[in-house]
> 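I'd like to ask you about the structure that follows.
Values reported hereafter were calculated over all heavy atoms of this structure, with side chains retained and with hydrogens, waters and symmetry mates removed. Atoms within a ligand are numbered from 1 in the order they appear, just like the ligands themselves. Numbers here simply count residues along the sequence, with the first being 1. Computed from a predicted model, the values in this text were never measured in an experiment.
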Amino acid sequence: MMSFRDRIDNNKIPKHVAIIMDGNGRWAERHGKIRVVGHEHGVESVRSVVEGAGEIGVQHLTLYAFSTENWDRPREEVEALMGLLVQAIEAETDSLMENNVRLDAIGDLDPMPAHVLENLNKCKDRLKNNTGLNLILALSYSGQWDILNATKKIAQDVASQKIDIETIDHDLFSSYLSTSEVPEPELLIRTSGEYRISNFLLWQIAYSELYFTQKLWPDFRKEDLFEAIVDYQNRERRFGKTREQLTS
Ligand code: FPP
């Protein structure tokens, strides 16, 4: 049987793929391990998917690594996740460099521990001139935070007469979001059989194709990403138009 990689149409690669990496805890439970072990194995999946996305020419990959709501998890788990992030960044920077990957982070980074941010910025800086895949980590992120944050900044700019209320449209609003530099994702993937958006990119997924898989995140590999992309490529995207309008 042809692999999913071979079935991908190289002329229809989504520019931006976003992933909700879910199911680490359940993976650990099924393997009789503590939750952190699931997160550790999740890092392997991140590596494989980043590699795969780069191989087929995806330009932007946004991973939901830590949500605003995740701060409410038990302190030990939050600390373990922060530790893992630093560890993963330190261990992977060389190979990200070799793979021509850039790194960025979006989210309410203020509450992040200083050493984590320092680490992240160091890595970002080293990778900043790379021209391949742009890996975006959503950290301390929520879609509602993003929209509120943009709204506050717009309100400030209206108050200081930098912009006129009448000029607020889709493009202007988008330019105030944390994702201002990237196109809206064509494809959003969620693992672990949950059918929710969980406060991830909200504004940005207005027309995204949604792909759900039963696989738990620690079992997800690049071949699964390729499968999702083949599925995406076989869909008809209409953006509210009729089929006739699309083909004419
Ligand atoms: C969701 O699983 C996953 C997370 C909250 C964290 C994701 C983090 C990683 C994969 C590791 C670090 C990331 C990078 C980018 C190096 P869950 O714990 O909610 O699983 P459950 O729903 O089964 O409990």
Side-chain angles (χ1 to χ4, degrees), residues 17-54 58 60-97 99 101-109 111-113 115-117 119-124 126-127 133-143 145 188-201 212-222 224-225:
V17 177
I19 308 184
I20 302 175
M21 311 181 286
D22 194 17
N24 295 351
R26 274 163 286 165
W27 185 94
E29 200 177 310
R30 279 181 207 173
H31 290 78
K33 313 262 194 231
I34 56 167
R35 295 179 57 81
V36 177
V37 178
H39 297 314
E40 282 169 6
H41 280 265
V43 177
E44 303 285 319
S45 312
V46 171
R47 183 182 304 128
S48 173
V49 164
V50 167
E51 224 177 73
V58 170
H60 310 278
L61 177 69
T62 303
L63 301 179
Y64 206 4
F66 194 87
S67 74
T68 311
E69 290 76 20
N70 286 155
W71 289 116
D72 297 329
R73 291 200 174 183
R75 193 172 56 90
E76 308 79 64
E77 187 172 340
V78 171
E79 279 172 9
L81 277 167
M82 292 296 148
L84 205 58
L85 199 66
V86 170
Q87 207 182 312
I89 290 170
E90 278 183 347
E92 304 298 333
T93 306
D94 285 347
S95 91
L96 291 173
M97 192 70 201
N99 286 294
V101 176
R102 257 176 312 153
L103 181 71
D104 209 349
I106 56 169
D108 181 13
L109 301 179
M112 297 282 289
H115 76 282
V116 179
L117 289 181
N119 200 273
L120 191 72
N121 287 331
K122 225 167 58 193
C123 177
K124 258 171 70 170
R126 233 189 104 194
L127 306 178
L133 177 72
N134 180 27
L135 171 62
I136 304 166
L137 299 181
L139 292 169
S140 187
Y141 180 87
S142 82
W145 165 82
L188 171 74
I189 298 171
R190 182 175 188 143
T191 58
S192 92
E194 306 280 358
Y195 302 94
R196 284 191 294 277
I197 302 299
S198 297
N199 216 348
F200 193 29
L201 307 164
F212 298 98
T213 168
Q214 295 297 320
K215 274 220 174 147
L216 304 176
W217 179 250
D219 292 326
F220 197 88
R221 288 294 178 273
K222 62 171 118 170
D224 301 297
L225 171 72

> Check this for me: does any side-chain nitrogen of one of Arg47 and Glu44 sit under 4.0 Å from a carboxylate oxygen of the other?
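So Arg47 pairs with Glu44 through a salt bridge.
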> For the residue pair Arg126 / Thr93, report whether a side-chain donor-acceptor contact shorter than 3.5 Å exists.
no
> In terms of relative ring orientation, are Phe66 and Trp71 parallel, tilted or perpendicular, with 30° and 60° separating the classes?
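Ring orientation of Phe66 relative to Trp71: perpendicular.
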> List the protein residues in contact with ligand 1, where contact means a heavy-atom separation under 4.0 angstrom.
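Correct list: Met21, Asp22, Gly23, Asn24, Gly25, Arg26, Arg35, His39, Gly42, Val43, Ala65, Asn70, Arg73, Leu81, Leu85, Ala88, Leu137, Trp217.
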> Do the rings of Phe220 and Trp217 sit parallel, tilted or perpendicular, given the 30° and 60° boundaries?
parallel
> Do the non-hydrogen side-chain atoms of Leu120 and Leu103 ever get within less than 4.5 Å of each other?
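A side-chain contact under 4.5 Å exists here.
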> Under 3.5 Å, is there a donor on one side chain and an acceptor on the other for Asn99 and Glu51?
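Absent: no donor and acceptor within the cut-off.
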